[in-house]
Amino acid sequence: MMDLFSLELEQFFTNDTFLNATKRLKHVSLGLDGLKIDEVCFGKLKDEILSQTYAPTPLKELFIPKENKNELRHLGIPSFKDKIAQNMLAFELNKYFDKLFSSSSYAYRQGKSYKNAVFRARDFFRKYSHVIKTDIKDFFESINHEILLEILNVHIVDKRIIRLITLWIKNGEFLRYSYFKHHKGVHQGDVLSPLLSNIYLNQMDKFLEQNGLDFVRYADDFVIFTVSEQDATNTLKMLKNFLLTIKLNLNQNKTAIHDKFSDFTFLGVNFKGDELSISDEKFRQTLAKLSSQIKQQEINTAITNLNAYISHLKTIKLQLFSPEQKENFNAHFNQTITNLVRKFIKILDKKAIADALLNLEFAYPVANTLKKQLLLSYYKNAKLPRVKSITATLEAKKREYLRNFAKDSVLHVTTPFLFLAILQGKFVLKQNGKITHKFPISKINQIIINTQISLSSAVIYECSKRKISIDFIDEKTNLSYATLFTSNNAIPKNTTSQISILKTKKS
DNA sequence: ATGGTAATGAC
RNA sequence: CUUGUCAUUACCAU
């Protein structure tokens with residue numbers, strides 16, 4: 001007989017779990033009801049939920065740019081009361097469902113981390129010759145409600161819980177005044193979503209296990225190991241067919257079969273067979289982060305920050321550096337410390353600096369005699385004029401030009417009472433009917449207005465066509481109070497659908 | 001040991 | 001006025 005989730009709502013909707021839930025949630029970003037975390041009344045929430053009169057607030061739809069990518073992340077932000085309710089349930093559900101999950105599933109689970117996943121994958125690759133690297137297309141947004149609810153229904157005894165979860169996943173989103181229904185997928189931002197996503201993909205884990213396949217899965221990102229290319233091809237075909245039965249598809253252009261000699265990236269780590277490394281881009285980021293630790297008013301806080309960052313790096317990244325990267329890292333580290341000393345050499349005496357440096361943690365083990373030499377060299381080098389590295393010298397010049405280009409391409413209007421229009425294919429600024437400035441449209445990619453001016457509709461039309469954004473900045477606060485058009489088309493897409501609605505008779 | 005904050009980093 | 005889960009590290013308090 002299978003173990004079931006037999007807890008009833010009353011058993012975990014208590015004052016204690018309420019307090020726990022409020023602690024675990026961020027206290028920023030209000031939902032649409034505008035309630036702050038300390039304005040949520042537990043008594044009322046509990047009554048509503050137990051009596052099934054509870055209704056979640058629609059989510060706040062938001063698009064934020066993904067890091068280093070020209071894509072947007074679609075978020076739905078629930079109100080605090082809904083987050084709290086979900087959190088209280090998630091805690092118990094997590095405990096129950098975690099027992100059912102595969103040991104090869106690593107995301108969002110207590111005691112598991114992406115590091116474990118990386119090393120597990122490496123260990124598997126020592127036993128196999130081929131690997132399928134793939135991920136699922138629009139995973140969160142593709143989860144099928146009926147299939148998910150069916151699974152939950154099998155395990156959860158108290159059906160009021162099923163009703164709650166249904167309310168949450170089917171809850172719609174507001175973008176400004178436009179409401180978007182939610183027929184499929186779980187919201188990115190809901191507390192329960194990570195767990196629900198694991199429950200859903202547990203079906204695939206079980207399928208892979210039944211077929212005797214070794215794999216490592218982190219959310220929708222996973223690798224499957226095989227003994228030959230043919231085996232990999234067959235497995236992939238079989239997997240695709242299975243995924244169709246749970247309404248999922250693979251991301252075609254991120255799916256590939258690799259042998260021990262071709263590189264691929266999994267969880268931010270470069271794999272080449274069982275040899276791990278980190279990408280040049282990530283490596284540069286690491287160096288930049290290291291340097292940024294010394295931007296401190298006090299030498300001791302700078303050292304504390306550096307030590308914290310180094311300790312953090314030791315837990316995984318340092319183990320993944322190639323010999324070349326190690327060497328570069330050490331050079332950069334030495335340079336960073338020299339810069340730090342240079343910054344404080346005028347205001348602190350030699351002893352104060354030496355005392356601070358003695359606390360310094362090194363990324364790699366350093367013998368005591370060598371350590372003394374290094375510390376001394378930092379002090380000596382700091383006295384010399386600063387000589388930038390070749391790349392830094394070129395970078396600085398590059399940035400200077402980028403700034404200039406940006407200056408050229410942004411039309412920033414600060415003089416009041418002008419009229420911005422389009423004439424003969426150019427943006428023109430007029431004062432009392434006379435043209436004072438002209439700008440070629442093709443060169444402009446942003447317009448910033450922080451004063452009171454007039455704007456012709458032709459300008460707005462041209463800007464929308466060319467995806468030139470217009471920002472209106474408040475003179476006093478320097479904050480943007482309105483933006484017309486973004487360079488990304490995710491939002492305009494919704495806007496156009498709204499316009500098409502307004503054109504109908506129903507409008 | 002247990003409680004808190006602030007980083008980073010995977011999705 | 002940029003979410004969620006998990007992990008790691010550092011610091012502080014008892």
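Quick note: numbers below take in every heavy atom, side chains included, and nothing from hydrogens, waters or symmetry partners. Below, chains carry the letters A, B, ... as their sequence lines are ordered, and counting in each starts from 1.
- At rU5(C), one or more side-chain N or O atoms of Asn87(A) fall inside 4.0 Å of OP1 or OP2 (strictly under the cut-off).
- For Asp220(A) and dA10(B), the CG to C1' distance is 11 Å, given to the nearest whole Å.
- With dC11(B), rU2(C), dG4(B) as the choices, the nucleotide that has an atom nearest any side-chain atom of Lys23(A) turns out to be dG4(B).
- Taking the six-membered ring for Trp and the full ring otherwise, the centers of Phe264(A) and Phe271(A) sit less than 6.0 Å from each other.
- Under a 4.0 Å N-O distance rule, the pair Glu146(A)/Lys170(A) qualifies as a salt bridge.
- Listed nucleotides: rU5(C), rU2(C), rC11(C). Nearest to the side chain of Thr304(A): rC11(C).
- Using cut-offs of 30° and 60° for the angle between ring planes, the Phe124(A) and Tyr128(A) rings count as perpendicular.
- Residue Gly76(A) is classed as having no contact, given no heavy-atom separation below 4.0 Å to the nucleic acid.
- Proximity note for Arg24(A) (side chain, C-beta onward) versus dA10(B), rU5(C), dG4(B): the nearest is rU5(C).
- Between Tyr108(A) and Tyr218(A), the ring planes are tilted. Angles from 30° to 60° get that label.
- At a cut-off of 3.5 angstrom, the base of dA10(B) holds at least one donor-acceptor pair with the side chain of Tyr218(A).
- Atom pair Ile278(A):CD1 and dT8(B):C1' shows a separation of 13 Å (rounding to whole Å applied).
- For Arg109(A) and Asn307(A), each mapped to the nucleotide of RNA chain C holding its nearest heavy atom, the one lying further toward the 5' end belongs to Arg109(A).
- Contact check on Asp280(A) versus Arg284(A) returns no salt bridge, with no Lys/Arg side-chain nitrogen under 4.0 Å from an Asp/Glu carboxylate oxygen.
- Counting any heavy atom pair closer than 4.0 Å across all strands shown, Lys282(A) reaches sugar-phosphate atoms only and no base atom.
- Ring-plane geometry between Phe329(A) and Tyr364(A) is classed as perpendicular, the angle between the planes exceeding 60 degrees on a 0 to 90 degree scale with a lower cut at 30.
- Out of rU2(C), rA7(C), rA10(C), the shortest distance to the side chain of Lys115(A) is found at rA7(C).
- Separating the P atom of dA6(B) from that of rC1(C) is a span of 13 Å, rounded to the nearest Å.
- Per the geometry, CG belonging to Leu267(A) stands 12 Å off C1' belonging to rA7(C), to the nearest Å.
- Between the CG atom of Leu306(A) and the C1' atom of dA7(B) there is a distance of 13 Å, rounded to whole Å.
- At the heavy-atom level, Ser311(A) lies under 4.0 Å from the strands shown only through sugar-phosphate atoms.
- Among the nucleotides rG4(C), rA7(C), dA10(B), the one closest to any side-chain atom of Ser113(A) is rA7(C).
- Counting non-hydrogen atoms under 4.0 angstrom, Ile77(A) reaches the backbone sugars and phosphates but no base.
- Distances from the side chain of Pro194(A) to the nucleotides dC11(B), rU5(C), rA7(C) place rU5(C) closest.
- At whole-Å resolution of the value, OH in Tyr114(A) and C1' in rC6(C) are 12 Å apart.
- Atom-to-atom, CD of Glu173(A) to C1' of rG4(C) comes out at 13 Å; the value is rounded to the nearest Å.
- Distance, Ile199(A) CD1 to rG4(C) P: 19 Å, rounded to whole Å.
- When distances are taken from the side chain of Tyr309(A) to each of dC11(B), rU2(C), dG9(B), the shortest belongs to dG9(B).
- Checking His312(A) against Asp221(A), the closest nucleotide of DNA chain B that is more toward the 5' end is the one next to His312(A).
- Taking for each of Tyr108(A) and Lys289(A) the nucleotide of DNA chain B with the nearest heavy atom, the 5'-most of the two is the partner of Lys289(A).
- One can place CG of Asp138(A) at 16 Å from P of dC11(B), the figure rounded to the nearest angstrom.
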